[in-house]
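Encoded as structure tokens, the structure appears first; notes follow it.
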2 protein chains.
Amino acid sequence: MFSQSEENYLKAIYHLGNPSQKGVSTSDIANKLDTKASSVSDMIKKLSDKKLVEYKKYYGVNLTKKGKLIAASVVRKHRLWEVFLVDKLNFTWDEVHDVAEQLEHIKSKKLMEELDSFLGFPKTDPHGDPIPDKDGNLQTIEKTLLSNLKKGESGICIGVKDSSSDFLQYLDKQNIKLGDQIKVMDKEAFDESTHIQIANRNMNISKKIAANLYIQLQ
Amino acid sequence: MFSQSEENYLKAIYHLGNPSQKGVSTSDIANKLDTKASSVSDMIKKLSDKKLVEYKKYYGVNLTKKGKLIAASVVRKHRLWEVFLVDKLNFTWDEVHDVAEQLEHIKSKKLMEELDSFLGFPKTDPHGDPIPDKDGNLQTIEKTLLSNLKKGESGICIGVKDSSSDFLQYLDKQNIKLGDQIKVMDKEAFDESTHIQIANRNMNISKKIAANLYIQLQ
DNA sequence: ATTAATAATTAGACAAGACTAAAAAATTAT
DNA sequence: ATAATTTTTTAGTCTTGTCTAATTATTAAT
Ligand SMILES: [Mn+2]
Ligand SMILES: [Mn+2]
Ligand SMILES: [Mn+2]
Ligand SMILES: [Mn+2]
């Protein structure tokens, strides 16, 4: 079994791991976990001894197969709990993260299997992020940022890149929800804002908003 | 906020606290938490500094108002989670304890309020133990051990004293459930076993079993 | 190709929470 | 009342995970 701290490091490396080959840097991990680089160095050594990461001094770190499986399991738990909180306990999508950060460390195989079933085997969490299956596999959905769409293109809003309270509450205020149909009507050259039609309403959104909404093209 | 360890100590003191005046002894706490007396001494000092317990060296320990409230809140969470696991996630009553030991430390006011509501504001957990309310108050139900009943007396089985897997599984095997109507038909002087009629079945139970079943007299 | 800047690692310290062994206090037995 | 036993506390050590400060390696700039 692994400590909460070890699990948090593995998860951070999992999230920071790029599709390219390069290892995740010490400072990126430190930044993500809001800790110091020296602490990260220490922990990486420990994870390396336990064969959870591949580590070559000064050249960053990569998860081993085993490390990746543990990380994916923590992410799976985090996202399943988020679904539970929203679907069953009336949490809003901007309230779930902190509680899920705690719940993701609960150790019980049966609990997660039963919860998964109780929730109807959801495939994505309230923010549109995919839920890894028991073997750590993610279903990859073709998606792109709204800011990449050209005038006239349309699709469905299926996720958020930033899931900060501020952004999520902005979306609530504008009544923008996952599942909404979106079409790009025009793009302003001057301020790089976008005119969109969403669920039959017209609105103008800033560059920053468009850069944080994931769209499934149609 | 308090650490898991601090919460576990407070809970142990809460459970060991007798209605009489005497403080809870160091060794009883050590025994309950499966730790050493020296560790208990250290922690008691810490809890005393934080005004969570009243402590006089060599004379045991008592919870302060604040300490009692925290302990009751942990017990509340433990028991509400047990109800959740049994009522919603198909756990049996002998499977819930270890997971509840973890879940009881999750910190979120909203979570527990919503869970309480989701479960329909249960008053007792799957073992018949009362669930403290938000202010730490327990509703006291008049109950006595089956071993205290005299020939001819009857009542309803409302709880278990021992909630070990072994005992709970024994009850399952004998199909003895909380809520069952029980009447004492006879008591054997020789082995101190009891003949009972339960839910219209007749059976003989040992002294030890009778000493671990709570009955509400009628 | 050196030098300057940045990033990563090591060294040393600290807090929480546990342990063993030793000392001190309280309780029980004679 | 004194001695023996049990319980509790203290002293000192260890592990985990963190930090600051100093050192070393890598990368960027001249
Ligand atoms: Mn989250
Ligand atoms: Mn999420
Ligand atoms: Mn329990
Ligand atoms: Mn219980």
Side-chain angles (χ1 to χ4, degrees), chain A residues 1-14 16-18 20-63 67 70-71 74 101-102 104-105 107, chain B residues 1-14 16-18 20-63 67 70-71 74 101-102 104-105 107:
Chain A
M1 232 34 78
F2 304 95
S3 71
Q4 294 206 181
S5 193
E6 288 171 324
E7 289 186 346
N8 283 335
Y9 275 93
L10 292 174
K11 188 173 60 134
I13 298 165
Y14 180 89
L16 292 169
N18 34 29
S20 86
Q21 305 294 30
K22 295 200 29 211
V24 176
S25 78
T26 300
S27 51
D28 282 354
I29 298 170
N31 184 55
K32 180 126 200 167
L33 293 178
D34 202 21
T35 183
K36 294 294 146 85
S38 56
S39 307
V40 175
S41 262
D42 285 349
M43 179 58 89
I44 283 175
K45 232 168 291 163
K46 207 170 118 188
L47 296 175
S48 180
D49 290 347
K50 294 190 178 184
K51 311 280 183 201
L52 299 173
V53 300
E54 300 277 10
Y55 172 54
K56 204 184 128 202
K57 263 188 201 176
Y58 291 100
Y59 289 90
V61 78
N62 282 110
L63 294 172
I70 294 163
V74 175
E101 283 293 311
Q102 300 177 61
E104 72 188 6
H105 300 291
K107 270 124 185 132
Chain B
M1 231 32 77
F2 303 96
S3 72
Q4 293 204 185
S5 194
E6 288 171 322
E7 288 186 347
N8 284 334
Y9 276 93
L10 292 173
K11 189 172 59 133
I13 297 165
Y14 179 90
L16 292 168
N18 34 28
S20 86
Q21 305 295 30
K22 292 195 34 204
V24 176
S25 78
T26 301
S27 52
D28 282 354
I29 299 169
N31 183 54
K32 180 126 200 167
L33 293 179
D34 201 23
T35 184
K36 295 294 146 88
S38 55
S39 307
V40 176
S41 262
D42 284 350
M43 179 57 89
I44 283 175
K45 231 168 292 160
K46 207 170 118 190
L47 296 175
S48 179
D49 290 346
K50 294 189 179 186
K51 311 280 184 204
L52 299 172
V53 299
E54 300 277 9
Y55 173 54
K56 204 184 127 201
K57 264 189 200 176
Y58 291 99
Y59 289 91
V61 78
N62 280 110
L63 294 173
I70 293 163
V74 174
E101 283 292 311
Q102 300 178 60
E104 73 189 5
H105 300 292
K107 271 128 184 126

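In the text below, chain A, chain B and the rest are named by the order of the sequence lines, each starting its count at 1. Just so it is clear, the model here is predicted, and its values are computed rather than measured.
The local environment of NZ in B:K107 is crowded, with over 12 non-hydrogen atoms from other residues, nucleotides or ligands closer than 6.0 Å.
To the nearest 0.5 Å, the span separating CD on B:Q4 from CD on A:Q4 amounts to 6.0 Å.
Going from atom CG of A:L33 over to atom C1' of D:dC19 covers 15 Å, rounded to whole Å. To the nearest angstrom, C1' of D:dT6 lies 13 Å from CG of B:D28. Atom pair B:K36:NZ and D:dT13:C1' shows a separation of 15 Å (rounding to whole Å applied). With rounding to whole Å, A:K22 atom NZ is found 14 Å from D:dT26 atom P. As a whole-Å value, the separation of B:E6 CD from C:dA15 C1' is 12 Å. For the pair A:N31 CG and C:dA7 C1', the interatomic distance rounds to 13 Å; values are reported in whole Å.
Partner B:N8 forms a side chain to side chain donor-acceptor pair (under 3.5 Å) with one of B:K32, B:E101, B:H105 and no other, that one being B:H105. Just one of B:I44, B:T35, B:L52, B:V53 meets the side chain to side chain contact (heavy atoms under 4.5 Å, CB included) condition when paired with B:Y9; it is B:T35.
The phosphate of D:dT7 has neither OP1 nor OP2 within less than 4.0 Å of any side-chain N or O from B:S25. Residue B:S27 places none of its side-chain N or O atoms closer than 4.0 Å to OP1 or OP2 of D:dT6.
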Name the pairs: protein N/O against N/O of nucleotides 9-11 of chain C, kept only if under 3.5 Å.
residue: C:dT9; atom: OP1; partner: A:Y55; partner atom: OH; Å: 2.1
residue: C:dT9; atom: OP1; partner: A:Y58; partner atom: N; Å: 3.1
residue: C:dT9; atom: OP2; partner: A:T26; partner atom: OG1; Å: 3.0
residue: C:dT9; atom: OP2; partner: A:S41; partner atom: OG; Å: 2.6
residue: C:dT9; atom: O5'; partner: A:S41; partner atom: OG; Å: 3.3
residue: C:dT10; atom: OP1; partner: A:K57; partner atom: NZ; Å: 2.5
residue: C:dT10; atom: OP2; partner: A:K45; partner atom: NZ; Å: 2.7

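Between A:L16 and A:I29, some side-chain heavy-atom pair lies under the 4.5 Å cut-off. In this structure, the side chains of B:E104 and B:K11 come closer than 4.5 Å at one or more pairs of heavy atoms.
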